[in-house]
Amino acid sequence: MSSGEPDDLVFKALADGRRREILDLLTDGPKTTGELCDHFVAWDRCTVMQHLGVLEKAELVIVKREGRHRWNYLNVLPIKRIHDRWISRYASAAVELLDRLKRDLET
């Protein structure tokens, strides 16, 4: 697997608003697949499972099975990896610019 592939999977997973909505639901804590299906009343179970499969492949969702239940946990590490690679260097430059502007306005 090349170094770009894991990030490509994350970007693909995040590109769909429905998958982002699933991730938003998981920020409150793990949910069973049944609970997620109950939330998306317009979707059938197969559609929810397909979206969870994309999220799981991108490692944004970690699945743990307990008996008949399939628990879905949010994994933020792939998003942090993207943040560290693509966003943090620009964010620090913006903070430095704002700090410099503040100093200039105060003098």
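Because only heavy atoms are used, hydrogens play no part in the values below, and waters and symmetry mates are left out as well, while side chains stay in.
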*Asks:* Hey, is NE2 on His69 packed in by over 12 heavy atoms from elsewhere, all under 6.0 Å?
*Replies:*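 Counting neighbours around NE2 of His69, 12 or fewer heavy atoms of other residues, nucleotides or ligands fall under 6.0 Å, so no.
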
*Asks:* Where the side chain of Arg19 meets the backbone of His51, is there a donor-acceptor pair that is under 3.5 Å apart?
*Replies:* no

*Asks:* Examine distances only and state if a side-chain atom of Asn75 and a backbone atom of Ile62 form a donor-acceptor pair shorter than 3.5 Å.
*Replies:*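 Checked: no pair found.
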
*Asks:* Closest approach of Gly34 and Arg45, non-hydrogen atoms and distance?
*Replies:*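 Closest approach of Gly34 to Arg45, heavy atoms only: CA-NH1, 3.9 Å.
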
*Asks:* Under 4.5 Å between any side-chain heavy atoms of Thr32 and Leu36, yes or no?
*Replies:*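 No; the side chains remain at least 4.5 Å from each other.
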
*Asks:* For the atom pair CD (Glu59) and CG (Leu9), what is the distance rounded to the nearest 0.5 Å?
*Replies:* 8.5 Å

*Asks:* Please check if Val10 and Trp86 belong to a single hydrophobic cluster, counting links between Ile, Leu, Val, Met, Phe, Trp and Tyr side chain heavy atoms closer than 4.5 Å.
*Replies:*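 Per the 4.5 Å side-chain linkage, Val10 and Trp86 are co-clustered.
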
*Asks:* Are Trp71 and Val61 linked, directly or through intermediate hydrophobic residues, by side-chain heavy-atom contacts shorter than 4.5 Å (ILVMFWY only)?
*Replies:* no

*Asks:* In Å, rounded to the nearest 0.5 Å, how long is the span from CG of Asp38 to NZ of Lys31?
*Replies:* 12.0 Å

*Asks:* Among residues at least two apart in sequence or on other chains, which ones pass salt bridge (charged side-chain N to carboxylate O under 4.0 Å, His left out) with Glu66?
*Replies:*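 With sequence neighbours excluded, Glu66 shows a salt bridge (charged side-chain N to carboxylate O under 4.0 Å, His left out) to Lys64, given in chain and number order.
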
*Asks:* If you group Ile, Leu, Val, Met, Phe, Trp and Tyr whenever their side-chain heavy atoms sit less than 4.5 Å apart, what else falls in with Leu97?
*Replies:* none

*Asks:* One thing to verify: whether Glu106 and Lys102 come together as a salt bridge, which I'm taking to mean a side-chain N less than 4.0 angstrom from a carboxylate O.
*Replies:*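 Salt bridge: yes.
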
*Asks:* Taking ILVMFWY side chains as joined if any heavy atoms are under 4.5 angstrom apart, and letting links pass through other members, which residues group with Leu105?
*Replies:*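 For the cluster that includes Leu105, the remaining residues are Leu101.
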
*Asks:* I need the minimum non-hydrogen distance between Pro78 and Ala58, along with the two atoms involved.
*Replies:*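 Shortest heavy-atom contact: CG-O, 3.8 Å.
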
*Asks:* Hydrogens and angles aside, do Asp24 and Thr27 bring a side-chain donor and acceptor to less than 3.5 Å of each other?
*Replies:* no

*Asks:* Applying the side chain to side chain contact (heavy atoms under 4.5 Å, CB included) test to Leu55, which of Leu74, Leu23, Val63 qualifies?
*Replies:*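 Single side chain to side chain contact (heavy atoms under 4.5 Å, CB included) partner of Leu55 among Leu74, Leu23, Val63: Leu23.
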
*Asks:* What I'd like to find out is whether the side chain of Thr33 reaches to under 4.5 Å of the side chain of Met49, using heavy atoms alone.
*Replies:* yes

*Asks:* Go through Val54 and Gln50 one step at a time and tell me if the side-chain contact (heavy atoms from CB on, under 4.5 Å) criterion holds.
*Replies:* CA-CA 7 Å; Val54 173; Gln50 287 176 337; over 6 Å; no

*Asks:* Transitively linked via ILVMFWY side-chain contacts under 4.5 Å: Leu26 with Leu60?
*Replies:* yes

*Asks:* Is any NZ, NE, NH1 or NH2 atom of the basic residue among Glu5 and Lys12 found under 4.0 Å from an Asp or Glu carboxylate oxygen of the other?
*Replies:*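 So Glu5 does not pair with Lys12 through a salt bridge.
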
*Asks:* Calculate, to the nearest 0.5 Å, the distance between atoms CD1 and CG belonging to Ile22 and Asn72 respectively.
*Replies:* 8.5 Å

*Asks:* Can you classify the ring geometry of Trp43 versus Phe40 as parallel (below 30°), tilted (30 to 60°) or perpendicular (above 60°)?
*Replies:*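 Trp43 and Phe40: parallel rings.
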
*Asks:* I'd like to know if Asp104 and Arg100 make a salt bridge, using a cut-off of under 4.0 Å between side-chain N and carboxylate O.
*Replies:*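 Salt bridge flag = no for Arg100 with Asp104.
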
*Asks:* Do Leu77 and Tyr73 belong to the same hydrophobic cluster, where Ile, Leu, Val, Met, Phe, Trp and Tyr are linked whenever their side-chain heavy atoms lie under 4.5 Å apart, directly or via other members?
*Replies:* no

*Asks:* State whether Asp16 and Arg20 are salt-bridged, where the test is any N-O pair (Lys NZ or Arg NE/NH1/NH2 against Asp/Glu carboxylate O) under 4.0 Å.
*Replies:* no

